[in-house]
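Below is one structure, written out as structure tokens, with a few remarks after it.
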Amino acid sequence: MAPTKPTVEHTVDRTPEYEKFIEELRTFHAKRGTNFDPEPKMGNLTVDLLKLFKYIVDHGGYDKVSDEKLMWRKMCEGLGLMRHNAPADAYTLKQIFYKNLAAYEIKTIHNKEPPPPEILEFTTAKGGGLLTRTLESFQARNKADREGSTEDGTPSRERRAEDTPASGRASRGLREAPAPRVIFHPDTNPARQSRHASGQHSGASGSATHSQSHSHLPHNSQAHGNTPVSTPQAHSHPSRGGTSHQWAPMGPDLNSQLVLGYQPQQPQPVPLRIVDTPISNPELFARKQRLLRQPAAPIPNPGAFVRASVPPGTLDGPNIYERCLLSLRSGIRAEQAFGLNHLVKISYERGDKYKFAQFPGLAEGLTEFALGVGNMFYDVEWTISNDPDFDEGEVGELDGINGTADILERIAQLQPKDVHDNFQPAEFTDQLTLVTEAVLTIRNMVMLPDNAWYIADYPPVKDLLCIILNLPPLDLVVELKHCALDIAEQITPYLVLDSDDSLYQTLLAQLQSSDRGTILTALRAIGRIAMNHATETNRLGGVSPATLQSLMDWLLLNDDELLDACLDFLYQYTAVVSNLDVMLEGTNVEHLVVHLVRLLSHGAKRTHREIVVSEARLAYEPPSEQVIPIPNDLQERLLGMEEPERCYAWLRCFFEEDAEAQITQIAIWQAYNASFLESLKRLGRSMINAPEFIRHISTVWKNAGAQVIREGPNGEVQKFIMRGIRPRSHPITPEGQAYFQCQWQRGPGQPVKCGIWNLTAEKMWTHILANHLNVTAGEDGKYPNREANLICLWDGCTKYTKPTTMKLNQFMTHMKTHLKAEEARHAALAAAQPGADHINSQAQQPFSAGVPGASPSKRNSNAGVASKARVIKPAKTITITYEETASARDERNPNAPPQAAGIPLSAVLILRNIARNVPKTQAEEKLVKEAAQKRSEQGDNEDNSTDADRAEKIEAEVGGWNERLFRPVMPRLWEVFTENRLLSPYVTSLFQLLDWKDEADALERPKRY
């Protein structure tokens, strides 16, 4: 039987505790000199060693789990590691714990020194007893196991003589081989033997005895020359008149002390050597197969000089990696084409293992070859100089040690060649293809962080990027420039670039491009500068106002990828105070703040939730046995059914479950008779009998049952009841739709009500017009809006208690208020009863469909209300709006709640940078000075305070740049603060940075700008 599916799913939780535990295990196994697998596999599942260790230790440890039968299977089930083969899974889990955690358990849990690896990790996980395992006991046990078994693991066949029966065969255990059968040979010798025959026989007998006692050979070759004599024949068939030779005593040679004192030596370890197989060394066998497929060498002519044969595989040459590197640096065009073609494939397919550090000269060779692009577009030959005393030199000579600081000035001095996009010579196209492949190889390889770090420390690569990105704006170099930008994006995290650095200025210039891909990659490359340098900060100086304005304009585009890149750039840019001065002087920062506030709701989803402030107050009525009379329309529907469906439907429409209620059987039976007996007689149909009707009640209501109770002083009166049900206060349809009851009184001050049940509010409205106001509709179906003395007799109405002259339309508008109040009372009562039956959503049309001006009915979404509760005060609820934006979980703590992420997070962080750094700018001081000068011109400088106090006072009144930037968007910020749970902590810190002293005064103060 296959094991059941595990109740838990085994996953690896990479928590800080897990990482610390794995590191401790790695250190522990390194000290022991054993192999350690931090993530062992069970099929396609990775085993969490921390969970495994805790689980086994909680169950007593390795020894206790191993001592109990089938306990390792239970461990698999508890950890969620049981798959298809229970015994194999159990042993695999035991082997994983044995190899990785057993010694660690002995050391940390039991505080003992674990056994040496030779008898623990280097052996199989057989048995237990690790805490008592020593080198002596383990070797003794292994020796006993070897003596009790043969090489193939089967028990030994040797038995004592007394254990073997006389027949020579074992009575129990393994079967022993039967005794060998001896074929009978008749004696054909003459009756009287000659001397020669007698001597031959004696020699044969003596030889056989000697052979049997010394060498135990099956055949004797010493008697009578080289003629063999059969030993069994000589032993079993002696000659006539002679003695038997079946047993010969041991000679004196076997009684020597050297023989008796001989002790066998211990088995010596056999040295093993690694044998190459197609699995362990596939390259060797593949090379052998290639050599076998090569054609045979031609046979030389007779007399010609024949060289010594060379062993196959001796002149294989370098591998493909070295071959490509040598081809690249050979200077031969065909070899370079071969090498670059294969380098592109290798860097793309084997990029995770192809590293610059493993092939010295590869990065230099690719860079030098890619610099050949300069000669294709300019009259220059770029070369790399590794001279420590390099001093500028010629225009085309680059500093290979420190990088060329004036590379942009040198490029500006070059005269471009006449190169066209549509027509190029074949040699030009081939050379450009090779250069592109060299740059593409570098681009593929720097996707590996090790290669990016390696090549970032090679200064000529920066010069190469500047040269490529400053090539003429031609379509044929677009791919080359994109590869260069990809290289820059990968190596800038390892570079520290100042504002006057050539590569930094080149990347900034790419932001003026009209190519979206160029702008995106350049923004990412700039934003990653010095990312992996904790002590260096990318200050992003030297950005022109035109570039900043372009960034602000791109925030208006519906392009999430471009928005993300722009916001990352602005976040780093606004973190520097001096950069904000450039923004305030050259751009419209007010518009930037408005757009950033707009982006706080980028991709947001608004949801609404109702919260109950105060519960509804209910008044419970005592149980009643009075069953509501059946409405006419419901009676017609139920008469169309047959028994017992009619009985089931009637019970559901007029009764409900109540564990504390009861009703007599006679009362419920009389109510059913009153509903259908006369109508069925007129139709000539039979009525269900009482016992069957009572049994159907338990079928409809599972918790209802017939009981007999005794009443009276002595219990002499028996009463037959149905416990568990009660009559409804409002009948419902079989679909669950509740009826309305007319509350119109028969006359002024009379408590008797109309009591007619109507299914919808529209029918109730028509019923009041026809039956209580005696108004009939015209031929067109409309009621005449006549004027009459009308009085409202609705129960509880205090408005029109006396006849009042009014139009019919005005009076019926008043009647709709009663119907709406009745609807609200039913809806509140249904909401307060969670167990109420839900009705069919298609069973009732809204009240507004038949009554002009009426509100939609809420009764469609509520159930038939409970008959034992009456609403005194409905529940109060409020509607709360939530705004949910992008979120992400912390990779270091996956169990933590999600945090804000994406474009909204970047926008609020930029706003926070602006609010923090704007008061520190020179623009802030300039704004305060202008306000002070304006105030002095107005003559408002009569106080005797110092200049510093006066400046602080003026700054408080003016509010500074924060007042100008954030005051218009404060309502929206407060809305985000109240609705967006993820962004509210960041908006709170933004409010703290603004820190307006008097919020009310700030709201009322007119703007002074």
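Below, each value reflects all heavy atoms present in this structure, side chains not excepted, and no hydrogens, waters or symmetry copies.
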query: Within a reach of under 6.0 Å around CD of Gln358, are more than 12 heavy atoms found that belong to other residues, nucleotides or ligands?
result: yes
task: Side-chain contact test, heavy atoms from C-beta onward, threshold under 4.5 Å: evaluate it for Glu489 versus Asp486 and give yes or no.
output: yes
- prompt: Are any side-chain N or O atoms of Lys355 and backbone N or O atoms of Leu448, one a donor and one an acceptor, separated by less than 3.5 Å?
  reply: no
query: Less than 4.5 Å apart, any side-chain heavy atom of Lys462 and any of Leu497?
result: yes
message: Quick check against the 3.5 Å criterion: does Lys99 have a side-chain atom that pairs as donor or acceptor with the backbone of Asn35?
response: no
message: Could you check whether any side-chain heavy atom of Leu49 comes within less than 4.5 Å of a side-chain heavy atom of Phe36, counting everything from C-beta outward?
response: yes
field: Pair Asp568-Gln572, side chain to side chain donor-acceptor pair (under 3.5 Å): steps then yes or no
entry: CA-CA 7 Å; Asp568 287 344; Gln572 298 188 50; over 6 Å; no
query: Donor-acceptor pair, Asn470 side chain versus Cys466 backbone, under 3.5 Å?
result: yes
message: Test side-chain contact (heavy atoms from CB on, under 4.5 Å) on Met583 and Ile914; report intermediate values, then the result.
response: CA-CA 11 Å; Met583 292 186 67; Ile914 295 174; 5.6 Å; no
Met42 vs Asp89 side-chain heavy atoms within contact, under 4.5 Å: yes
message: Keeping His602 on the side-chain end and Arg598 on the backbone end, is there a donor-acceptor pair under 3.5 Å?
response: no
task: Please answer whether the main-chain N or O of Thr921 pairs with a side-chain N or O of Asp581 as donor and acceptor at a distance below 3.5 Å.
output: no
query: Taking all non-hydrogen atoms of both residues, which atom of Ile491 and which atom of Ala452 are closest, and how far apart?
result: CG2-O, 4.0 Å
query: At what distance, to the nearest 0.5 angstrom, does CG of Leu440 lie from SG of Cys483?
result: 5.0 Å
task: List the atom of Lys74, the atom of Tyr55, and the distance in Å for their closest heavy-atom pair.
output: O-OH, 4.4 Å
statement: Shortest non-hydrogen pair, Glu979 vs Thr881, comes out as CG-O, 3.6 Å
- prompt: Is the backbone N or O of Val47 less than 3.5 Å from a side-chain atom of His10, with the two atoms forming a donor-acceptor pair by type?
  reply: no
task: Salt-bridge test for Glu39 and Arg14: reply yes if a basic N is under 4.0 Å from a carboxylate O, no otherwise.
output: yes
Flag if over 12 foreign heavy atoms under 6.0 Å of CH2, Trp554: yes
- request: Run the ring-centre check on Phe53 versus Phe21 and record whether the distance is less than 6.0 Å.
  value: yes
statement: Between Gly80 and Leu45 the two heavy atoms that sit nearest each other are O-CD1, 4.2 Å
- prompt: Salt bridge between Lys345 and Glu349, side-chain N to carboxylate O under 4.0 Å?
  reply: no
- request: For the pair Asn917 (side chain) and Thr574 (backbone), establish whether a donor and an acceptor sit closer than 3.5 Å, ignoring hydrogens and angles.
  value: yes
query: Between Tyr986 and Leu911, is any pair of side-chain heavy atoms under 4.5 Å apart?
result: no
query: Does a side-chain heavy-atom distance below 4.5 Å link Thr547 with Phe569?
result: no
- prompt: Minimum heavy-atom separation for Leu508 to Gly542, with atom names?
  reply: CD1-O, 3.9 Å
- request: Return yes if some donor-acceptor pair links the side-chain N/O of Asn451 with the main-chain N/O of Phe356 below 3.5 Å, else return no.
  value: yes
Full working for side-chain contact (heavy atoms from CB on, under 4.5 Å) between Leu465 and Leu507: CA-CA 10 Å; Leu465 297 180; Leu507 293 175; over 6 Å; no
field: Side-chain ion pair, Glu23 and Lys20, N-O less than 4.0 Å
entry: no
query: Would a 4.5 Å heavy-atom cut-off, applied to side chains only, mark Val576 and Leu540 as touching?
result: no
query: Taking 4.0 angstrom as the limit, do Glu19 and Arg892 come out as a salt bridge?
result: no
message: Take a 6.0 Å sphere around CG of Asp559 and say whether it holds more than 12 heavy atoms from other residues, nucleotides or ligands.
response: yes
query: Say you draw a straight line from CZ of Arg516 to OG1 of Thr521; how long is it, rounded to the nearest 0.5 Å?
result: 9.5 Å
- request: Show your working on side-chain contact (heavy atoms from CB on, under 4.5 Å) between Ile910 and Leu567 and close with a plain yes or no.
  value: CA-CA 8 Å; Ile910 296 173; Leu567 292 176; 3.6 Å; yes
Working for side-chain contact (heavy atoms from CB on, under 4.5 Å), residues Lys51 and Asp13: CA-CA 9 Å; Lys51 291 182 179 178; Asp13 299 335; 3.2 Å; yes
task: Could you tell me whether Arg606 atom CZ has more than 12 heavy atoms of other residues or ligands within 6.0 Å of it?
output: yes
field: Separation between OG1 of Thr492 and CG of Leu503, rounded to the nearest 0.5 Å
entry: 8.0 Å
query: Could you give the distance from CD1 (Ile878) to CD (Glu610), rounded to the nearest 0.5 Å?
result: 10.0 Å
message: Assess, by modelled atom type and distance only, whether the side chains of Gln549 and Asp553 contain a donor and an acceptor separated by less than 3.5 Å.
response: yes
- prompt: Taking Asn538 for the side chain and Arg528 for the main chain, is one N or O donor matched with an acceptor at less than 3.5 Å?
  reply: no
message: Using 0.5 Å steps for rounding, measure from the CG atom of Leu905 to the CD atom of Gln899.
response: 9.0 Å
message: Please find the pair of heavy atoms, one from Ala915 and one from Asn962, that lie closest to each other, and give the distance.
response: O-ND2, 3.3 Å
task: Return yes if some donor-acceptor pair links the side-chain N/O of His608 with the main-chain N/O of Ile880 below 3.5 Å, else return no.
output: no
message: Would you say that Trp961 contacts Leu580 through its side chain, given a criterion of any heavy-atom pair below 4.5 Å between the two side chains?
response: no
- prompt: Is the count of non-hydrogen atoms from other residues, nucleotides or ligands lying under 6.0 Å from Tyr571 atom OH greater than 12?
  reply: no
message: Check this for me: does any side-chain nitrogen of one of Glu975 and Arg972 sit under 4.0 Å from a carboxylate oxygen of the other?
response: yes
task: Kindly indicate, with the supporting measurements, whether the criterion salt bridge (Lys or Arg N to Asp or Glu O under 4.0 Å) is fulfilled by Glu561 and Arg524.
output: CA-CA 11 Å; Glu561 195 173 5; Arg524 291 171 180 167; 2.6 Å; yes
task: Decide if atom CZ of Arg26 counts as having more than 12 heavy atoms of other residues, nucleotides or ligands within a radius under 6.0 Å.
output: yes
Euclidean distance, Phe966 CZ relative to Glu590 CD, rounded to 0.5 Å: 11.0 Å
query: Taking everything shown except His591 itself, do over 12 heavy atoms lie less than 6.0 Å from its NE2?
result: no
Glu24 CD: over 12 foreign heavy atoms closer than 6.0 Å: yes
